[in-house]
Structure formats: structure tokens, C-alpha cells
Amino acid sequence: MNTRIAVTGVVMGLMAALGTTAQAQQAAEQAPAMTPAEIETGRKIYFERCAGCHGVLRKGATGKNLEPHWTKKAADGNVQEGGTLKLGSSRLAKIIALGTEGGMVNYDDILSEAEIDIMARYIQQAPQSPPEFSLKDMLASWKLIVPVEQRPTRQMSSINLKNVFAVTLRDTGKLALIDGDTKQIWQILDTGYAVHISRLSASGRYVYTVGRDGLVTLIDLWFEKPQTVASIKLGADARSVDTSKFKGYEDKYLIGGSYWPPQFSIMEGDTLKPLKVVSTRGITVDGEYHPEPRVASIVSSHIKPEWVVNIKETGQILLVDYSDIRNLKTTTIESAKFLHDGGWDASKRYFLVAANASHKVAAVDTRTGKLAALVDTKKIPHPGRGANFVHPQFGPVWATGHLGDAVVSLIATPSEKREHARYREYNWKVVQELPMPGGGNLFVKTHPKSRHLWADLPMNPERENAEAVYVFDLTDLSKPAVKVNVARDAGLPETKALRRAVHPEFSADGSEVWISVWGGKTNQSALVVYDDRTLQVKKVITDPQMITPTGKFNVWNTQHDIY
Ligand code: DHE
């Protein structure tokens, strides 16, 4: 039997089920041939490397639309369609290998030539819709490893829990818990695939992590050594979790957002028992139906029993009231596409979120439940959770870096403090753009006790930028940023893979800044700890298990949303 098949059969069945158009059908019929093994490889690589930006259904978001009607070269050799270039295998392979100026990263140092060839053909096939994931599926995946009554009733170790750091070891699917006072690794635990973020319960006792495979793990810090006490799957693909932080609801609920299926789920905070699943499929701010509106950032309000849930593809911001889970009330706020990450302003009344493809930041007033502002910024804002400080000239500001531009933007935020009344005229204006040596910033960070703003550049194409961070002096923002060469300071051997300096995170008291050296997936790597006052290295934390460290979440700062 000839094993080289175009996936036409499978795809046609799916398309019939999904009611896709004749145009897509025709595209699938002409798709380049692939063996079942190649399709499986393509499916796996697409999930691991591409779906985050382009979407499972390849409709596009941060990344371009990758549906076959334009990835596939027209059979008649005419490569223009409605002014759009249709691509075909060789052009696609080049883009995958070398990246683009539009922000697509190069994969020639991550994928082999054969894998790039597979991916160039895979994305010309019609996209397949993965299975849905119901409350019943969640329940079937739920593991209550240590029931609440078998857990400690007080903290069993003498570790200063406030200053523990939960560190993502991205490519090993593990989380390192590090004692921030002694800088010793306290425990390393298994988590989901390419674990993404960690968040803290309101009490600071529980750490929640979510993997890209949708696996949520609940870790109890009260044991002598931290232990995973429960786990559950949210779906096939996820990025965000947060807990109930409003008074009276501490540690009661967890919310998790999925990329696939597009939905959010509510669970018990101390057991992860699933309670409710809510679909986010619906209408975009442009009034069009979208089949895959993914849940991007989620944050828990401190002033109401409410979560702010940001829906990427629709550009709708949901305020989900968790005071009555059975009769769930949700306020839907129109903003802009495609919503990604964000954080609170200093007062924790306003949530600011990047609508990255619109080059805007949307600000929600969680007190009134309305959009407060849509602020135009430079290209592709990417704040992480942003950074708050009082600007000497413009008063309270929230900072975001940009993936697509060489600045950090400072947006003035309202304040009810009497001493800030004179800054009112600046509210929601970009009051300053701090120059960076290039684009590719992912995270900025400061701390109320610090006089510095730290900005990384891990996605900058130049090694010397990607391996360094830039530090601004908040008392004099006319001064250029000081460059800190983190990869060099780590003292590890140079490798072919970039050793990207990523995600500055402060210690609980604001005296230290921890930065990850995100190296290759087979290279031992490190965290470099700086004295925030002197910008000198205090400690390099390294270990054979320290592979691909990325996000770090200080317990106290994450619990209280201090940034
Ligand atoms: Fe993230 C936050 C999505 C790639 C490290 N990332 C987030 C959030 C979202 C998101 C929606 C906000 C969560 C919240 O606040 O509830 N990230 C995505 C993607 O879709 C994307 C672009 C591609 C993908 O396939 O996942 C992506 N992210 C990355 C990385 O490659 C990073 C740099 C390294 C890694 O570990 O994978 C990365 N993302 C992070 C980190 C945060 C994050 C460290 C939390 C920042 C914080 O300070 O809160």
C-alpha cells in the first residue's frame, strides 16, 4: 500500500463535519503529499511551536493566518491572490528557517532541515479541529493526591515562604522552588509540558502552575518540602490561571484559561475539583463570529469577587463575578484585538492589557466595569504584568515594553491620592518613550522599594542584546539605560543556542533582581541574582537540573501583585 497520502481523506471528513467552504476543500485537495508519520510530526511540532501565535485553527493572531488558501501555492503557478502572496513549500520553508521582519522567529537552530520541510508541507493541509474538553473530561483527569485533611495545618519548614521563587524550567516540564534568602533549590517538581506561569493563592500557601498542555498542578508550600497535592487538565492547550483573592474568598476558587478548547474553567482552590466550564466562542469587536477565541491573561481583583479574563481573538474583556458560580454574571467589555498579557496599575483599580496586533493598551476600570481607555502605543506592546512607579514629571505611570519597537512606553495612570491631583491632565497618555537598543522586549519590572526599571530583550535578533538586560534610573529618566550582560555574568560556557536573558523578578523586599538565562534545551543554565542598588552580581544559581529557566514568580510579589 502506498503510504504517501495527501491528508485529503481525513481532512475532507473533518471539513464536512465542520461545514468548511468549497475554497478550503479545494485547497486541501491540492495540498502536498505527506506520510501519516510526517503528519503526526507536523501536528506535534505545530502544537509545540506554532499554535501559540497562529492559533490551533490557524486563523492567525499574533502570528499570521496560516490557512491553506494562502499558504499553498496556486496550482496554476499564479502566486498572487487578491494582492496576497500565496506561498508554497519552498517559500514557507525559508520563512520557517529564517524568520521574518514581522516578528516570526527563525527556527533553523531549533528544527532540523527535515522538520522544516515537514512543517512547510503540514501548514498547507487544512487545519484539523482537536476534540472538545468537557467538565466530565476535566473530572476524569482530576487527581486529588493529598486531600485537604491530610495536609499540614501550619507551615512545617522554617523557610521564609514570602521570598520563595517558583521558577519555570520550561523544556523539562518542571518547576524549581528556590529559597530566596539562601538561594538554595528547595524542591524541583514535575509540572505540565513547557510549564508557562505560576500564580499564588491569596494566602500565599498554594502555588498553581499551568503547562502548555493544559495541566494545572497545585503545590502546597506548608509541607517540610513542597508537594504537589492535586492536578487537573483544563484542555489541550492553556496559558493562564489565577485564584480568588477578594476578602472572604481567599484560596476558595481557581480559574484556568485555555487556548484549546477556547474556554475557561472554575475549580475549587484547594482541591482543583472542577466546578464549571464556560465557552469563549463568540463575536469579535468587529462583529464577526470567531471559532477559536483563546483565553489570554487572567487576573484576580482585590476590590471585588471578580476575575478579569482577556479573550485574545474577540478583543473582549470579561469581568467574571465569582460570588455566585452557579448563576455566573459576566460583564463583557469591548476593547481591541488581540488581547495578550497585562497587569494592574498601582491602585489595583485599573487593569491594563496589551492588544498587541492593534498596537494598543486597553485599560479597564474594574470599579465601574467599563473601558477606561484605549491607548495607542508603538508596535506590539508586551508588558508581562507591566511596571508601576511615580514618574518625577508625570506622576504615576505603568510601563510596557514592545516586541516590535525599540522603546519602553510609560502610560500615565489615574490616582486618587491628593498629592497626585496635579498629574490628572496626563491620565492615559503615553508620557514618555524610553529608548531601547532594539525591539524584542518581553518583560519590564520594578518594585515600590526600587529606583530602577529593568527591561529584557530576549527576542532581539542580536546576541549581544538578547543576552543582556537594560536598567533605567527612575530618578533621572533622561539618562540612557545601563546595559547588564546577564549571560556573561552567569559565567557559563558560550553555546550555539542564544542564552536569552529573560524575565526580571524582584525579591520580596525589593533589594534583588533575579534574571533567567534561557539557554538551549540540553545546556545547563542559571539564574543571575543582582543587587538592585549597585547592579552588581550577588549570586549565580546553577545546577545540572537548571535547564531553560524562564518565568520566575516571587511568592510575596505574585500574591500581592507587586510590580
Ligand atoms: Fe507567555 C505570560 C501566552 C510565549 C513566558 N504568556 C503569558 C500570558 C499569556 C501568554 C496569555 C499571560 C498569562 C496571565 O497573566 O494570566 N506566551 C503566550 C503565548 O501565546 C506565546 C506567545 C506563544 C506560546 O506558544 O506559548 C508565549 N511566554 C512565551 C515564551 O516563549 C516565554 C518567553 C518563555 C516560556 O516560558 O515559555 C513566555 N509568558 C511567559 C512568562 C509569563 C507569560 C514568564 C508571565 C509573566 C509575568 O510576569 O506574569
Side-chain angles (χ1 to χ4, degrees), residues 45-56 61-63 103-105 110 165-175 191-200 208-214 216 237-243 254-260 264 294-300 307-313 338-344 351-354 356-357 380 382-387 400-401 403 440-446 454 456-459 466 498 500-506 514-516 518-519 521 547-554 557-558 561-563:
I45 295 175
Y46 187 83
F47 167 67
E48 289 173 0
R49 304 280 175 191
C50 321
C53 292
H54 299 279
V56 170
T62 320
M104 159 95 180
V105 292
I110 296 172
F165 285 71
V167 181
T168 296
L169 301 177
R170 187 188 190 281
D171 289 1
T172 60
K174 292 185 193 293
L175 186 80
T191 56
Y193 165 77
V195 56
H196 207 86
I197 65 162
S198 294
R199 294 290 186 242
L200 264 291
Y208 303 86
T209 67
V210 60
R212 278 181 173 77
D213 56 358
V216 173
D237 194 358
R239 297 292 181 282
S240 46
V241 282
D242 210 349
T243 61
L254 181 78
I255 180 171
S258 312
Y259 269 16
W260 190 270
F264 62 84
R294 297 175 289 170
V295 179
S297 45
I298 300 182
V299 75
S300 182
W307 291 300
V308 184
V309 180
N310 298 283
I311 313 300
K312 190 184 281 289
E313 278 77 9
F338 292 99
L339 298 175
H340 192 67
D341 52 352
W344 292 109
F351 183 74
L352 293 96
V353 54
N356 56 21
I380 321 180
H382 191 288
R385 284 169 287 169
T400 178
L403 262 165
N441 166 267
L442 284 182
F443 302 107
V444 288
K445 199 61 67 77
T446 188
W454 294 68
D456 63 14
L457 268 187
M459 294 307 172
L498 282 179
R500 301 173 204 268
V502 70
H503 200 246
E505 175 77 343
F506 274 83
W514 293 38
I515 302 189
S516 306
W518 176 13
K521 60 180 170 190
I547 307 280
T548 58
T550 54
K552 297 161 299 304
F553 305 90
N554 172 272
N557 294 335
T558 311
D561 292 285
I562 296 169
Y563 34 81

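Counting starts at 1 for both ligands and their atoms, following the listed order. When reading the values below, keep in mind they use all heavy atoms of this one structure, side chains included, and skip hydrogens, waters and symmetry mates. Computed from a predicted model, the values in this text were never measured in an experiment.
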Sub-3.5 Å donor-acceptor pair from the side chain of [X] to the main-chain atoms of [Y], do we have one?
X      : Y      : value
Asp242 : Ser300 : yes
Asp171 : Gly173 : no
Ser198 : Thr209 : no
Ser258 : Phe264 : no
Ser516 : Thr550 : yes
Lys552 : Phe165 : no

Any [X] side-chain heavy atom under 4.5 Å of [Y] side chain:
X      : Y      : value
Thr558 : Arg199 : yes
Trp260 : Arg294 : no
Asn310 : Phe351 : yes
Tyr259 : Val56  : no

**Study point:** Contact summary for Leu442 and Asp456, nearest pair of heavy atoms
**Key:**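 That closest heavy-atom pairing would be N-OD1, 3.0 Å.
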
Looking at [X], which atoms of ligand 1 are within less than 4.0 Å of one of its heavy atoms?
X      : result
Tyr259 : 3 (C), 11 (C), 18 (C), 19 (C), 20 (O)
Ala296 : 11 (C)
His340 : 3 (C), 10 (C), 18 (C), 19 (C), 20 (O)
Leu442 : 33 (C)
Ile298 : 14 (C), 16 (O)

Exercise for review: Under 4.0 Å, heavy atoms only, figure out whether ligand 1 is touched by the backbone of Arg199, its side chain, both or neither.
Suggested key: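 For Arg199, only side-chain atoms sit under 4.0 Å from ligand 1.
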
Review point. At a non-hydrogen distance cut-off of under 4.0 Å, which region of Arg212 contacts ligand 1 (side chain, backbone, both, or neither)?
Key: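 Only the side chain of Arg212 comes within reach of ligand 1.
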
Geometry only, no angles: is [X] polar-contacting ligand 1 at N/O separations under 3.5 Å?
X      : value
Met459 : no
Glu48  : no
Thr168 : no

Just to check, does [X] reach to within less than 4.0 Å of ligand 1 when the distance is taken from its heavy atoms?
X      : result
Tyr563 : no
Val502 : no
Lys312 : no

Practice item. Measure up the Trp454 and Phe506 rings against each other and bin them: parallel (under 30°), tilted (30 to 60°), perpendicular (over 60°). Key: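 Answer is perpendicular, since the angle exceeds 60°.
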
Review point. According to the interplanar angle, ranging from 0 to 90°, do the rings of Phe47 and Tyr193 count as parallel (below 30°), tilted (30 to 60°) or perpendicular (above 60°)?
Key: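 Correct class here is tilted.
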
Distance to 0.1 Å, residue and atom name: give those for the protein heavy atom nearest to [atom].
atom                    : value
atom 35 (C) of ligand 1 : Arg170 NE, 3.2 Å
atom 10 (C) of ligand 1 : His196 NE2, 3.5 Å
atom 44 (C) of ligand 1 : Gly551 CA, 3.4 Å
atom 36 (O) of ligand 1 : Thr550 OG1, 2.7 Å
atom 25 (O) of ligand 1 : Arg239 NH2, 3.1 Å
atom 2 (C) of ligand 1  : Ile197 CG2, 3.7 Å
atom 48 (O) of ligand 1 : His503 NE2, 2.8 Å
atom 47 (C) of ligand 1 : Arg385 NE, 3.2 Å

Exercise for review: Determine if the distance from atom 19 (C) of ligand 1 to the closest protein heavy atom is below 4.0 Å.
Suggested key: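 Yes.
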
Exercise for review: Measure the spacing between CZ of Arg170 and CZ of Arg212 and express it to the nearest 0.5 Å.
Suggested key: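 Here the rounded value is 4.0 Å.
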
Point to revise | From the candidates Ser297, Gly55, Ala61, the one that places a heavy atom nearest atom 14 (C) of ligand 1 | key: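 Heavy atom nearest to atom 14 (C) of ligand 1 belongs to Ser297.
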
